[in-house]
Structure formats: structure tokens, C-alpha cells
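Each chain gets a letter, A, B and so on, in the order the sequences are listed, and its residues count up from 1. Values below: every heavy atom of this structure, side chains too, minus hydrogens, waters and symmetry copies. For clarity, every value in this text was computed on a predicted model and none was experimentally measured.
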Protein chains: 2
Amino acid sequence: MTPIDQDAPLGRRDLRKQQTRAALTGAALRLCSLRGFDQVTVDDISGEAGVSSRTFFNYFASKEDAVLGDHLVEVDAMRARLAVLLPTMPVLEAIRRAVLLPVAAMEADRDHWFLRMEIIKHSPQLLPRLVLSNAEAERATTEQIAAHLGVDPATHVYPALVVATTSAAFRVAATGWMAAAGARSLGALVDRAFTALAAGLPDPD
Amino acid sequence: MTPIDQDAPLGRRDLRKQQTRAALTGAALRLCSLRGFDQVTVDDISGEAGVSSRTFFNYFASKEDAVLGDHLVEVDAMRARLAVLLPTMPVLEAIRRAVLLPVAAMEADRDHWFLRMEIIKHSPQLLPRLVLSNAEAERATTEQIAAHLGVDPATHVYPALVVATTSAAFRVAATGWMAAAGARSLGALVDRAFTALAAGLPDPD
DNA sequence: AATGAACTTGCAGCCACTGCAAGTTTGTTG
DNA sequence: CAACAAACTTGCAGTGGCTGCAAGTTCATT
């Protein structure tokens with residue numbers, strides 16, 4: 001019996017898939033940060049990664065997906081943490097702590113994130129797509145919080161509101177982090193944003 | 001001498017342009033709400049509006065633009081109002097009042113907005129594009145507020161934070177409004193969201 | 001070794017979108 | 001009114017993202 005490791009489902013086939021996927025995202029980030037998103041074709045990326053362009057679309061639904069990546073894993077982890085925290089503290093505080101998971105993931109993957117930042121800076125059309133990738137997660141989180149509070153998310157604004165605003169705060173912090181090229185820690189920036197949120201966004205001194 | 005009306009720059013040429021543009025957005029909204037965004041081609045829309053597909057692209061940069069519309073006018077008006085209000089009250093309060101302009105515009109254009117909502121519900125890819133259309137405006141507003149406060153928007157998070165979160169709050173209110181098919185007034189929903197924001201997003205009773 | 005599933009690839013094709021070079025309409029000027 | 005220029009529409013040809021299909025190839029299983 002082989003040990004089951006969820007991080008590496010073993011088999012040289014799956015290994016190869018991981019490699020190909022990594023090669024494609026790597027090529028996409030490298031080429032696009034160099035030439036700009038619109039000046040790179042899927043053929044370029046596939047060629048650089050050593051596969052056909054048709055294969056590219058077996059891995060990613062769109063060129064944008066290859067550049068932006070999917071962050072389902074981290075978001076799922078955050079929701080799990082949230083489920084644990086919610087019963088013991090106010091909603092905003094629970095979110096503030098749960099968001100530390102994505103923060104850590106981003107700081108661990110900083111090289112890729114800085115490239116993404118570089119690309120998005122020159123192709124702003126990509127920014128909303130990055131938001132979209134979180135849209136489904138936001139919906140699920142909204143329902144989670146609504147269930148916790150025992151309210152109907154369709155009639156009560158609070159769950160959607162707290163999710164949307166914290167999400168926006170996180171995005172602001174992340175943008176500042178990338179713009180500063182990581183000079184300040186993402187965690188500190190997020191913390192500052194949440195503090196201002198919890199205080200009701202008063203004018204700064 | 002003909003009266004100068006800035007709403008209608010007169011000349012039968014400009015009139016015709018307005019008509020064509022309106023016909024295109026009308027056709028786009030109608031067809032897409034009926035069949036779904038992906039099931040409608042630019043040819044379909046252009047045909048319905050009685051122009052060539054090439055002409056379509058003289059009016060809109062993309063199929064999405066025709067459906068989502070541009071809201072530059074309202075946003076500019078809001079920023080002008082904001083410039084007047086900022087010196088006399090806290091930032092959050094100024095935004096809360098300035099946002100009444102877009103609110104009024106949306107309520108006046110409710111038929112189109114409900115169609116958009118219907119379309120977006122079935123094609124969620126469009127939602128982020130709607131956000132993008134505001135991205136540039138958000139950036140400008142951020143700088144406006146930073147200038148008012150006398151801080152550097154690159155190092156200080158507050159301006160970007162207050163703009164992003166209020167924008168998110170507005171979006172939540174608007175979504176709720178469209179989901180309820182206008183049963184509740186948009187203004188009331190926006191007001192409730194801003195009240196919660198100003199209170200620091202405490203758990204609801 | 002054989003079988004079938006998974007993966008890659010070329011091909012043909014749809015559609016969004018663009019530049020260019022007409023042709024047509026409209027506002028203006030002598 | 002005639003003539004000219006600017007604005008607008010359109011067809012055409014072409015690029016590139018993206019998909020379904022029908023091979024081929026590679027790998028895991030028995």
C-alpha cells in the first residue's frame with residue numbers, strides 16, 4: 001500500500017501535469033511581464049513551455065487564467081478557518097484573522113505576485129478578472145456569514161456588505177504591497193486597513 | 001441663431017449618432033437578456049439595429065461595452081459634487097452625499113439596469129467588467145481625496161481604502177436593489193450600507 | 001503483453017476585434 | 001448653388017482567442 005499524500009498524488013503522469021502547468025504559468029508571467037499582455041500570443045506561451053497551443057487550452061480556459069492563476073485553495077482554507085472563528089468573536093474580527101491565511105500564501109508566492117502586478121499595471125483590463133476569480137468565493141462566504149447570523153442574505157445587506165468591504169480592503173492592502181515591491185509586509189498593511197474599517201473609516205489625523 | 005443645448009449638440013448628424021447608439025444598446029440588452037450574452041453575436045446586434053457589424057465597433061470597443069454602457073458622465077458629476085462637499089465635512093460623509101447623484105441616475109434608468117442585472121446573472125463574467133468601468137474613476141477619486149487630506153496616496157492607505165470600501169458598499173446596495181427588482185429604493189439601501197460602514201461594521205442585532 | 005483511460009496534438013472553424021480603403025452623407029465656404 | 005472637406009458607414013482581409021473532433025501517443029492496470 002502506497003502512502004496517500006494529498007500534496008503529491010504520485011504517478012509520473014500527474015507529476016508531468018504539474019510540471020507542464022508550472023511551465024505554462026511561468027512562461028506566461030515571464031513573457032507578459034516582458035512584452036506586455038497583448039503582445040504575447042498563446043502560441044508564444046505554449047512554444048516557450050514546449051507544448052502545443054491546443055494543449056494550453058487543456059490547462060487554462062483563457063490566456064488570462066494562465067497569468068492570474070487560481071486561488072481556490074487558499075480561499076477554501078480561509079473559509080474553513082472562518083467557520084472555526086465565527087462562533088467565538090464578532091464577524092469583522094473573525095474575517096480579519098481568517099484572512100491571514102491568504103496573506104501568508106501571497107507572501108510565500110511573492111515572486112509570481114510581483115510579476116502579476118507588473119503585468120496588470122500595463123494591462124488594467126486584467127485587474128477585474130482578478131476580482132472575478134474571487135467573486136464566487138465572496139458569494140459563498142456571504143452565505144456562510146448569513147447562516148452564522150441566522151439572517152436571509154437576500155433581504156439583509158450585512159453579510160454581503162461585510163464581505164465586499166473587507167475584500168476591498170484586502171485588495172487595497174495587496175495593491176499597496178505590490179506597488180511597494182514588498183518593502184512593507186502585506187500582513188501589516190492588511191492589519192492597518194482592517195483597523196481603519198473597524199473604526200468606521202474616520203478621517204486620519 | 002439656434003439655442004445651444006449641451007444635452008443635444010444639434011445637427012442631424014449628431015442626432016442620428018445618438019439614435020444609432022441607443023438602437024445598439026437597446027438591441028444588445030434586449031437580445032442578451034433573451035438569449036444570454038454568449039448566444040448573441042455582434043452581427044445579431046448590429047442587424048437588429050440596422051447597421052453593419054463594422055459600424056458596431058465604431059460605437060463600442062467591445063460587445064461587453066454595448067451591454068454595460070459607460071457611466072463616465074455620472075461619475076464625473078459625482079466627483080464635482082465631492083470637490084464641493086469635502087472641505088465642509090468628514091470624507092465618508094461627503095462620499096455618502098455625493099453618491100446620491102449616481103443613485104438618482106440609476107433609478108432614472110431602471111429599465112436598462114434591470115435588463116443588465118438579468119444578463120449579468122446568467123453571465124457572471126460581465127460583473128467584473130462593470131467594476132473595471134469604475135476602476136479609472138476610483139483611481140481619480142482616490143487622488144482627489146489624497147490631495148484634500150494632503151497625504152501621499154502611494155504611502156498612505158486611507159484614500160484608496162475609503163474609496164474602495166464605499167465603492168464596494170455601493171455595489172452591494174445596487175445588487176440588492178436589482179435583485180429585489182426595485183421593490184426597495186436604491187437610495188435607502190445605499191444609506192443603510194453607509195450607516196453600517198460608518199459604525200465600523202459591527203455585528204447586527 | 002494487452003486493454004483502456006488519460007493526455008497531446010493538428011485541423012477545421014466560429015467569433016471578437018482591427019486597419020485600410022473605398023463610398024456616402026453632411027456641414028461649410030466662396 | 002457648387003464645391004470641398006470632414007465625418008460616418010461599410011466591406012474586406014486578416015489576427016488571434018477559443019472550441020469540438022478525431023486521430024495519435026503515453027501511461028497505469030490486469
Atom-to-atom span, [atom1] of [X] to [atom2] of [N] - whole angstrom:
X: A/Tyr59; N: C/dC7; atom1: OH; atom2: C1'; answer: 7 Å
X: B/Asn58; N: C/dT25; atom1: CG; atom2: P; answer: 17 Å
X: B/Arg16; N: C/dT24; atom1: CZ; atom2: P; answer: 16 Å
X: A/Arg54; N: C/dA12; atom1: CZ; atom2: C1'; answer: 12 Å

Quick one: pull up [atom1] in [X] and [atom2] in [Y] and give me the separation to the nearest 0.5 Å.
X: A/Thr175; Y: A/Met117; atom1: OG1; atom2: CE; value: 7.0 Å
X: B/Leu101; Y: B/Asp76; atom1: CG; atom2: CG; value: 11.5 Å
X: A/Arg96; Y: A/Leu197; atom1: CZ; atom2: CG; value: 9.5 Å

Please list all pairs meeting ring pair (Phe, Tyr, Trp, His ring centres under 6.0 Å) that have one or both residues in residues 21-59 of chain B, counting only residues at least two apart or in different chains.
B/Phe56-B/Phe60
Pairs where residues 176-195 of chain B contributes a residue and the test ring pair (Phe, Tyr, Trp, His ring centres under 6.0 Å) is met, not counting sequence neighbours:
B/Phe114-B/Trp177
Between [range] and DNA chain C, which residues have a heavy-atom gap below 4.0 Å?
range: residues 33-53 of chain A; result: A/Val51, A/Ser52
range: residues 21-31 of chain A; result: none
range: residues 60-68 of chain B; result: B/Ala61, B/Ser62, B/Lys63

Heavy-atom donor-acceptor pair, [X] side chain to [Y] backbone, under 3.5 Å:
X: A/Asp152; Y: A/Ala154; result: yes
X: B/Asn134; Y: B/Val131; result: no
X: A/Glu48; Y: A/Leu31; result: no

Derivation of the side chain to side chain donor-acceptor pair (under 3.5 Å) call for A/Ser46 and A/Arg54:
CA-CA 9 Å; A/Ser46 322; A/Arg54 189 61 185 80; over 6 Å; no
Should A/Leu68 and A/Ile120 be marked as a side chain to side chain contact (heavy atoms under 4.5 Å, CB included) after you check the CA-CA gap, both sets of side-chain angles, and the distance that decides it?
CA-CA 9 Å; A/Leu68 301 179; A/Ile120 292 177; 4.2 Å; yes
Where chain A begins and ends its contact with DNA chain D, read 5' to 3' at 4.0 Å from heavy atoms
D/dG17 to D/dA28
Intermediate values then yes/no, side chain to side chain contact (heavy atoms under 4.5 Å, CB included), B/Asp38 and B/Gln125:
CA-CA 10 Å; B/Asp38 294 326; B/Gln125 6 144 354; 3.2 Å; yes
Can you check side chain to side chain contact (heavy atoms under 4.5 Å, CB included) on B/Arg30 and B/Leu115, steps first, answer last?
CA-CA 8 Å; B/Arg30 200 168 341 111; B/Leu115 283 182; 5.6 Å; no
Validate the cation-pi geometry between A/Arg110 and A/Trp113: distance from NZ or CZ to the six-membered ring centre under 6.0 Å, angle to the ring axis within 45°.
no
